[in-house]
Amino acid sequence: MPTVLRFGPWRFFFYSADNAEPPDVHIERDSCMAKFWLDPVRLDSSRGYPRSELKRLEAIIEENRILLARSWHEYFGS
């Protein structure tokens, strides 16, 4: 599970088994987890995050979308 970004208390990473899916990123903090698709950026699932924090995460992903997408394609070779 390569970490591609750390921002404040959040760790942004990929699951290595996700290569059959469209580009996405997982975010964890404490016992909270979320998964966002990258193109377009949208929430797929979440556990434990309040709505306001999910909106903040979405904004962080939008701001770093190019980096995240590039990291995805470099890791999975596509």
Side-chain angles (χ1 to χ4, degrees):
M1 296 186 309
T3 298
V4 292
L5 179 66
R6 288 194 182 271
F7 195 98
W10 303 291
R11 180 173 81 99
F12 295 73
F13 63 97
F14 305 133
Y15 280 111
S16 57
D18 280 358
N19 64 327
E21 296 184 349
D24 62 72
V25 66
H26 298 260
I27 306 102
E28 70 175 3
R29 175 190 55 80
D30 304 324
S31 62
C32 301
M33 291 286 288
K35 176 181 176 182
F36 282 83
W37 301 112
L38 295 178
D39 188 26
V41 174
R42 68 185 189 285
L43 179 66
D44 177 60
S45 60
S46 72
R47 182 185 75 231
Y49 284 114
R51 184 175 301 274
S52 60
E53 194 167 355
L54 290 170
K55 288 289 188 186
R56 177 70 178 124
L57 292 171
E58 184 175 0
I60 293 167
I61 293 167
E62 285 285 359
E63 292 166 8
N64 293 279
R65 191 167 61 91
I66 292 171
L67 166 75
L68 294 168
R70 184 180 336 122
S71 297
W72 168 275
H73 292 293
E74 287 173 1
Y75 184 78
F76 291 110
S78 56

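Hydrogens, waters and symmetry mates are skipped; everything else that's a heavy atom, side chains included, is used.
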Distance from [X] atom [atom1] to [Y] atom [atom2], nearest 0.5 Å?
{"X": "H26", "Y": "T3", "atom1": "NE2", "atom2": "OG1", "result": "12.0 Å"}
{"X": "D44", "Y": "E21", "atom1": "CG", "atom2": "CD", "result": "7.5 Å"}
{"X": "E28", "Y": "R47", "atom1": "CD", "atom2": "CZ", "result": "9.5 Å"}
{"X": "I61", "Y": "D24", "atom1": "CD1", "atom2": "CG", "result": "10.0 Å"}
{"X": "L68", "Y": "E62", "atom1": "CG", "atom2": "CD", "result": "10.5 Å"}
{"X": "K35", "Y": "S46", "atom1": "NZ", "atom2": "OG", "result": "12.5 Å"}

Taking all non-hydrogen atoms of both residues, which atom of [X] and which atom of [Y] are closest, and how far apart?
{"X": "C32", "Y": "G48", "result": "SG-O, 3.4 Å"}
{"X": "S16", "Y": "F76", "result": "O-CE2, 3.4 Å"}
{"X": "A34", "Y": "L43", "result": "CB-CD1, 4.4 Å"}

side-chain contact (heavy atoms from CB on, under 4.5 Å) between F7 and R56, worked out: CA-CA 11 Å; F7 195 98; R56 177 70 178 124; 3.4 Å; yes
Single-linkage hydrophobic cluster F14~W37, side-chain heavy atoms < 4.5 angstrom: no
Minimum side-chain heavy-atom gap Y49-I27 below 4.5 Å: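 Yes, side chains in contact.
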Heavy-atom check, side chain of W72 versus side chain of D18, under 4.5 Å: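 Yes, side chains in contact.
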Within the 6.0 Å centroid threshold, strictly below: Y15 and F13: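 Distance test on ring centres: under 6.0 Å, yes.
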Test side-chain contact (heavy atoms from CB on, under 4.5 Å) applied to F12 and N64, step by step: CA-CA 11 Å; F12 295 73; N64 293 279; over 6 Å; no
